[in-house]
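Letters go in sequence order (proteins before strands), and every chain restarts at 1.
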Protein chains: 4
Amino acid sequence: MFQLDVRSRKPIYEQLVDKIKELIINRILKPDEQLPSVRMLSSQLTVNPNTIQRAYRELENQGYIYSIKGKGNFVAAIELKPNEQKLAELKTDLKRLIAEAIYLGLTKDDIYVLFHEAHQQTKGINSDDTGSFR
Amino acid sequence: MFQLDVRSRKPIYEQLVDKIKELIINRILKPDEQLPSVRMLSSQLTVNPNTIQRAYRELENQGYIYSIKGKGNFVAAIELKPNEQKLAELKTDLKRLIAEAIYLGLTKDDIYVLFHEAHQQTKGINSDDTGSFR
Amino acid sequence: MFQLDVRSRKPIYEQLVDKIKELIINRILKPDEQLPSVRMLSSQLTVNPNTIQRAYRELENQGYIYSIKGKGNFVAAIELKPNEQKLAELKTDLKRLIAEAIYLGLTKDDIYVLFHEAHQQTKGINSDDTGSFR
Amino acid sequence: MFQLDVRSRKPIYEQLVDKIKELIINRILKPDEQLPSVRMLSSQLTVNPNTIQRAYRELENQGYIYSIKGKGNFVAAIELKPNEQKLAELKTDLKRLIAEAIYLGLTKDDIYVLFHEAHQQTKGINSDDTGSFR
DNA sequence: GTGGTCTAGACCACG
DNA sequence: GTGGTCTAGACCACC
């Protein structure tokens, strides 16, 4: 299911968070769908259950999944009122990254392509946004 | 010169790397300009000299500065042929971040603004890109 | 009758306990009134009968309901001499919560409103307290 | 320093969070003051370092402390713009608790005393709130 | 020295 | 069987 790099500087639980977040954002995991149980993922990835648990907990804190004791972990529905604070943080990060990329040769066409691809991936969540980019 | 946030979860040396990188990208520090010495920065920022040293070493590894023993650290000239591999990596990161931001409500106008702002900052390094974004 | 949130981190049986307790406190369920049977509630809420049973047992332990074998569960009469110990515990909790809320910006007007609303809900059980709060 | 109840239903790390939060709210621990190190608290309380770590992490997530790798954990300054969402949640909890307390005999004088005491503890954070309660 | 991550394995609470 | 908590002890990153 996933590919983890245990030698990476990035903690395993963070890698997990990112991978699962991606699956949720790209609608591969759908709202209210059940995630693999802590123990199952643990044995599949040969990673300690605690590490999986921690990743799930982080995802819950960030609002991407919810967990029911004795039942399992499930994908959360999208919030209709998106978190403004989080979005603002993301924008700051994006700007920094874009500036660095421009320095390395990124063009406006590149960013157009990236946005378009990302938008396709998310399967048009924001319907008012399906128009042409330009 | 800089403003460091000791409370941030991001290591101080990484903050330094990012800040200096930004100054270089935005042409505030120009090619072959000398950077402040480790000791000076260390006392100015009340930061351990080791931490400064580490930041400079990291910047050197990434190709943003070069150091001359006994003289100091200097801003590297822009590579006209930017590292394609790095740009590719950046694009991957960007795409991931953009997808997440769209999930949280980012619109095409938002990304337009971000690109525009970032482009202004870099002071039109890439002349083929000074036209209007739209 | 109730609205349960299966996604909540609070166990379902506890949610049930709180809801029913609220109905009793607010006199919607009157003393000696019969509660819905375990089976009925179970099928209505599509919740495991064990869970309902557990909630009722908990309510009985706390003195809010009593059960008669073969007949059902019933709302207990109000104790005119309320449990002083419980009240003392509640006060401790309240004080802690109020302090935290003040730290986050709670004003005396806020607490006035809260008390007033809570008082309205209880429909003036304690007659010496029906006057204006201020 | 603290007294923990290992037999309690409430997790140890949560007990720790509550205790430390209380010390911060009541200004016994002052902003930027260093908390005992994970290892020290761990041995003092004969609790596993991981459990302490988890409590500190939770406090950081809630904004009560901040941690610097290699340095320690420190009390965070109060946010000038308090978290409205958190306050709203607290109010809901408060209302429920107050209603229950009224049911058990709480009077408006009682709540007055509680608010007053809590306000004293917090050492008058909100200066516009030092007037008489009534 | 400090915090941060991870494993191995245990026990409890919940449904 | 599920998630949640905890211990024992290890290793790494940072300053």
Atom [atom1] of [X] to atom [atom2] of [N]: distance rounded to whole Å?
X	N	atom1	atom2	result
Ile52(D)	dT5(F)	CD1	C1'	14 Å
Ile65(A)	dG3(F)	CD1	C1'	11 Å
Gln34(A)	dG3(F)	CD	C1'	11 Å
Glu58(A)	dG4(E)	CD	P	13 Å
Leu41(C)	dG15(E)	CG	C1'	16 Å
Glu60(D)	dT2(E)	CD	P	17 Å
Tyr56(A)	dT5(F)	OH	P	16 Å
Asn61(D)	dG3(E)	CG	C1'	15 Å

Any side-chain to backbone donor/acceptor pair from Ser43(B) onto Met40(B)? Under 3.5 Å, distance only.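 Yes, Ser43(B) side chain to Met40(B) backbone: donor-acceptor pair under 3.5 Å.
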side-chain N/O [X] vs [N] OP1/OP2, d < 4.0 Å:
X	N	value
Arg57(D)	dG3(E)	no
Gln53(D)	dG4(E)	yes
Ser67(A)	dT2(F)	no

If you define the side chain from C-beta out and look only at heavy atoms, does anything of [X] sit under 4.5 Å from [Y]?
X	Y	answer
Val17(C)	Tyr64(C)	no
Arg54(D)	Glu58(D)	no
Leu16(D)	Leu45(D)	yes
Ser8(D)	Gln15(D)	yes
Val47(C)	Leu41(C)	no

For nucleotides 8-15 of chain F, just jot down a letter per nucleotide in 5' to 3' order: B, S or -, based on protein non-hydrogen atoms under 4.0 Å. BB----BS
Give the intermediate values and the outcome of side-chain hydrogen bond (donor to acceptor under 3.5 Å, both in side chains) for residues Tyr66(A) and Asp32(A). CA-CA 9 Å; Tyr66(A) 61 94; Asp32(A) 294 318; 2.6 Å; yes
Taking any strand in view, what nucleotide pairs with dC14(E) in a Watson-Crick or G-U wobble way, both distances under 3.5 Å?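 Its partner is dG1(F) (Watson-Crick or G-U wobble, both distances under 3.5 Å).
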